Trainee: 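The structure under discussion is supplied below as structure tokens; questions concerning it will follow.
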Amino acid sequence: MTSELDIFVGNTTLIDEDVYRLWLDGYSVTDAVALRVRSGILEQTGATAAVLQSDTMDHYRTFHMLERLLHAPPKLLHQLIFQIPPSRQALLIERYYAFDEAFVREVLGKKLSKGTKKDLDDISTKTGITLKSCRRQFDNFKRVFKVVEEMRGSLVDNIQQHFLLSDRLARDYAAIVFFANNRFETGKKKLQYLSFGDFAFCAELMIQNWTLGAVGEAPIDLDSQMDDMDMDLDKEFLQDLKELKVLVADKDLLDLHKSLVCTALRGKLGVFSEMEANFKNLSRGLVNVAAKLTHNKDVRDLFVDLVEKFVEPCRSDHWPLSDVRFFLNQYSASVHSLDGFRHQALWDRYMGTLRGCLLRLYHD
Amino acid sequence: MPGKLKVKIVAGRHLPVMDRASDLTDAFVEVKFGNTTFKTDVYLKSLNPQWNSEWFKFEVDDEDLQDEPLQITVLDHDTYSANDAIGKVYIDIDPLLYSEAATVISGWFPIYDTIHGIRGEINVVVKVDLFNDLNRFRQSSCGVKFFCTTSIPKCYRAVIIHGFVEELVVNEDPEYQWIDRIRTPRASNEARQRLISLMSGELQRKIGLKVLEMRGNAVVGYLQCFDLEGESGLVVRAIGTACTLDKLSSPAAFLPACNSPSKEMKESPLVHPPSHGCRSTHNSPIHTATGSRLTQNFSVSVPTLIYTGMGSGSAGKEGGPFKALLRQQTQSALEQRGGSPHRFCRRREFPFFTLTAFPPGFLVHVGGVVSARSVKLLDRIHNPAFVGIMGNTRSYKLLDWNSFNSDEPETRDAWWAEIRQEIKSHAKALGCHAVVGYSESTSICEEVCILSASGTAAVLNPRFLQDGTVEGCLEQRLEENLSTRCGFCHIPYDELNMPFPAHLTYCYNCRKQKVPDVLFTTIDLPTDATVIGKGCLIQARLCRLKKKAQAEANATAISNLLPFMEYEVHTQLMNKLKLKGMNALFGLRIQITVGENMLMGLASATGVYLAALPTPGGIQIAGKTPNDGSYEQHISHMQKKINDTIAKNKELYEINPPEISEEIIGSPIPEPRQRSRLLRSQSESSDEVTELDLSHGKKDAFVLEIDDTDAMEDVHSLLTDVPPPSGFYSCNTEIMPGINNWTSEIQMFTSVRVIRLSSLNLTNQALNKNFNDLCENLLKSLYFKLRSMIPCCLCHVNFTVSLPEDELIQVTVTAVAITFDKNQALQTTKTPVEKSLQRASTDNEELLQFPLELCSDSLPSHPFPPVKEHLESASSNSGIPAAQRATSVDYSSFADRCSSWIELIKLKAQTIRRGSIKTTVTVEKASPVGDGNFRNRSAPPCANSTVGVVKMTPLSFIPGAKITKYLGIINMFFIRETTSLREEGGVSGFLHAFIAEVFAMVRAHVAALGGNAVVSYIMKQCVFMENPNKNQAQCLINVSGDAVVFVRESDLEVVSSQQPTTNCQSSCTEGEVTT
């Protein structure tokens, strides 16, 4: 006696959250059944392994049919084939677009192309995430990227509108898309200590302050604006950043800046002497990062540079985080007292974001 | 020109990409009705076209309106080649033809293609303007309402229940036409879908005409079926119960019609049904022209098999003549036409009712199940019917269809008339003149067809059947009889002249009338019946191998096997019923399925313990070789196991009948041999009976003889049936006896399983085991899948077995899981109606703030536990000190009525209590809304889905809700075929998707009618054929039900208490809960 056909169709589509998770995690039916058996479900319900097998198959089939709709979540809402309560629809979408921290760290900032897709095998082996799950996550990134790539307006809003994700998840996707678009390097060994959350935090600050959309008003010269509002950094801004070079190139200005900072922080900093000794190096590092951002290559290395030029020196001197905060606050604020420096607004736009990023990046 | 049909095509969405180059589609729509076709403009390059067409108007006869479906075809425009069809929508416009139903059909319909399934949706608006037409010779029957529901629909009142209506139409099957050789599978499927749609329309119209002729205005319990007879054609047949219904303006208590006595009654004995004397069991072929048609007939009267006890004794002296009189009245009522006697016609021949639930007082006595089966040969031409459907191997035969068709309907009519006659005579033998819960079915395998009919013989109250009424004294008697809740259990036949040996006792309830020891019926449990404990699903399953044979030899083999199968099915049912400690079966449905090399029998019923019937005895096991020590031990071990199971079941189903000593009952029936005996088969009846030790157990203990391995197997299989896991109940009737407190969550589902038998040396035993396992595993799977709904009950569990191929067994189950409140799981005999009435009355009092004494009395006697809980929870919310409130509860619960002073306080307390109830209501309603808002914020676009929820249920009601309007019947037929089975996920993927699509199309049609639920939903056919080698599969599904609008009871209450804000809120919450 073999079962040829075995199906269950409810008027309201049954969604088993546990099985959905197993399916998303890329387990085969056999593996999923084994995992469910291990979870003790048979003892709880008095079911047999055959029942579990049939149930798992049913759910997998349903998910497989739903997957096509999940690729365009608004379709899931309007389709008539599966009657699913809204709360369950939201859960289906949210879980489908959720991703693993380990996986996203591997592909963050990489080009979402076929080439990267070929590397998924290695990523799967490295992270222990099934290849199937890696593919789903990668395809999700790519799909979201493709949809919002050409769109104007707020990146987060666009994502939310077209994929019906929660606010939090939409922000994460915005970060992923932003990183993929600007190809920020995140894979270097030096950057391994950083979490996705750290990068997402920086991405959000950068989207808010350094992109075209951040300027507030839409650019007036519409003819030349082929750039995406939130995805690309404001080219003009990057050009202007060169002007900041004067802060380190002009020796008087550098000394004045240093003395202002030192006066303000004397006695308040545990690592005052180290700061005093390192001030010029640090300041040079930060300003040079800004000045170099006109080159795409240097944009990609932004995080590497920040870690090399600022985070690592401070960390080797064992600066506590509170001291870093005091220093960065004072370092940015003191510039306002430099009479000879004319680019106050530019400095604030640059340093405001950078300070936030650096504070987030500064940990072990 | 009595009607104008208007159609507007608004828009499409989610269309498939038809042009690979642009990834877009140039769609337009063809609207066709009858022979007229309109077209919309082509909407270029869009997957979401906005046609917004003008109104296409069709001027048609109402006859066509009833027969024809509106056909909407969506196509992709192609400049150079032929336009590609995207898919079709068939809309049955029948619901627009009667005034009380829908007025407009408007909504999104899935665009369906028989090869690709659903491909996008189309928004259509349909309206009908009907002109009055008083032509009395008209062929249309617009205005007759149809209901699938097998009881009087909830918002109607039955004025008269006229009786049985039936009709069938026959046509050639397009799959077997010569043209099928040259057309595509798609064209063939569409021809078939369209033809069946047409035939259903025609059938419905013809039935409607019959109803009008009977002066009725509705058909209740309408059951339409298709017989795919292959080469010999396609039969669409329907049965129903004609009624005159009145719309209830308010949910008042049911009042049967009570007209003044008419003189028709006097004439009635003169009117003899023409059927007298025409009872035919072994008839000669009616149509000799069709050749060697085998019309060997076969029938089994069920009760003769069921009651194998001994019973004798004197009749209740009053009972006899009274019954005779009553019977006469009923008979005359049934055989007489309502209205003018001169229009008497043969339709009254069959006093059958397809209803399974009745207005109170309608059912007087129930005799037992009557059934008849007949084996017929469809055609002399041998041709593998279903193999021909699979694409390439289509039939190449060219038949002269015209000559063939001409005699077809008559033949089928005669076949059914024959069976119905038999049912009628069986009912008569049981002293009954009516058959209720009547249904008909067929099973076809190649050229052999088994026709089956079954029902419950009953005596009915004639008052409902005609305008006339019975004489005063009889009516009084009737009232007396009806006032007791056990009336229907009393035997309708004479004790002295019993149609079969039965074991009678005095009714355990009224102690006046006789009742049988066991009662089998095909109807639902009457609402006023007193039941002890809960019920459960009982199934008998049986397989019998049969040699492959052809034509007459095959039919003979089948008819020889049938009696044994029926016998065994009943034995199994009886054993299982005893094992459960119960004494009655309701909703019995026995299905016999014929395959090429086997016969399958599946009987499902809901077992209950009726308080009026005697306590069932246990099951005794007796061995054949009493001297063998180890064997004896084995037997006693088995006996112990059976006794344990019975005890366990009694506990499980809460069967604790009150102890009644023999003296009280009085035992006027002398019982020289106090036992009944169940024989394995007739031939085995030996004198062993006297040797058996029957001292154990009660007087009517059941004896199982174990004389061979077969019997051993039977006993084993009895014990292998596993009860459902705790928290689960199941039944195949509308509702579970013993559970009244349903909550609103329902989940309707269909589950299909097909197993392949290993063909090596199949024995009956192995086959039985396989089949048993299949059904048990299927049930286990259902329990597991629905575990999140615990505590819940699977209601209306409907199993269908088919044998699509040699070694395949297909089982289809449709049922609904309904949750209930465990805390409130009190055993009350109150019917839902009573309950709601009660609630309504208390509501009114709350509203008026008018503390009547009635109220203060009723509350303590019917304490509502949840009210108290609310009260306690509310005490923290409102300003009244909790202590004060606590005292008020005390007073209302333990009121001392002696003191008027206390009365006064009590009244006050209730006023406070009422106030607090109100606050709780608002608090409760408010919190989920807050929740909803929160969710809105976190995922804004998800909350406002445009797709409305449509509930589906095989039941005639929706728990916790009130049906306010019936929108019309849904009767849909779909074919799906694939030539890429593997790509679509194999057979499971294919069928899963198809069933989901069928559900979607039913929901869309209901939503377009303005409804939010389908009740009495049934999947009448699910014919699945596969050919994995060719990567092909085909499936035909036929579903039906009643589209309705329902309103939550909670909403109604809030409306009645005039709190518009709360109402709004609750409907919001409603959305959250039900969606």
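Convention: sequence-line order gives letters A, B, ...; per-chain numbering from 1. The structure displayed is predicted, hence computed values, not measured ones.
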Trainee: Relative to chain A, which segment of Val811(B) carries a heavy atom at a distance below 4.5 Å: side chain, backbone, both, or neither?
Mentor: neither
Trainee: Could you tell me which portion of His992(B) (side chain, backbone, both or neither) has an atom closer than 4.5 angstrom to a non-hydrogen atom of chain A?
Mentor: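 Both the backbone and the side chain of His992(B) come within 4.5 Å of chain A.
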Trainee: What part of Ile809(B) lies closer than 4.5 angstrom to a heavy atom of chain A: side chain, backbone, both or neither?
Mentor: neither
Trainee: Relative to each other, are the rings of Phe196(A) and Phe99(A) parallel, tilted or perpendicular (30° and 60° limits)?
Mentor: perpendicular
Trainee: What part of Tyr783(B) gets closer than 4.5 Å to chain A, counting heavy atoms only: side chain, backbone, both or neither?
Mentor: neither
Trainee: State whether the number of non-hydrogen atoms from other residues, nucleotides or ligands found under 6.0 Å of Met789(B) atom CE is greater than 12.
Mentor: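 Yes, because the 6.0 Å sphere around CE of Met789(B) holds more than 12 heavy atoms from other groups.
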Trainee: Under 4.0 Å between a side-chain nitrogen and a carboxylate oxygen: does that hold for Asp58(A) and Arg61(A)?
Mentor: yes
Trainee: Could you check which of Arg787(B), Met748(B), His14(B), Gln747(B) has the highest count of heavy-atom pairs closer than 4.5 Å to chain A?
Mentor: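 Maximum pair count with chain A is reached by Gln747(B).
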Trainee: For chain A, find which of Val998(B), Ile118(B), Thr953(B), Val752(B) contributes the most heavy-atom pairs closer than 4.5 angstrom.
Mentor: Val752(B)
Trainee: Find out whether Ser751(B) and Lys785(B) are in side-chain contact, i.e. whether some heavy atom of one side chain is under 4.5 Å from a heavy atom of the other.
Mentor: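 Side chain of Ser751(B) against side chain of Lys785(B), heavy atoms only: no contact under 4.5 Å found.
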Trainee: Under 4.5 Å from any heavy atom of chain A, what part of Leu786(B) do you find: side chain, backbone, both or neither?
Mentor: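 Just the side chain, heavy atoms under 4.5 Å.
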Trainee: Do Leu69(A) and Phe82(A) have side-chain heavy atoms sitting under 4.5 Å apart?
Mentor: yes
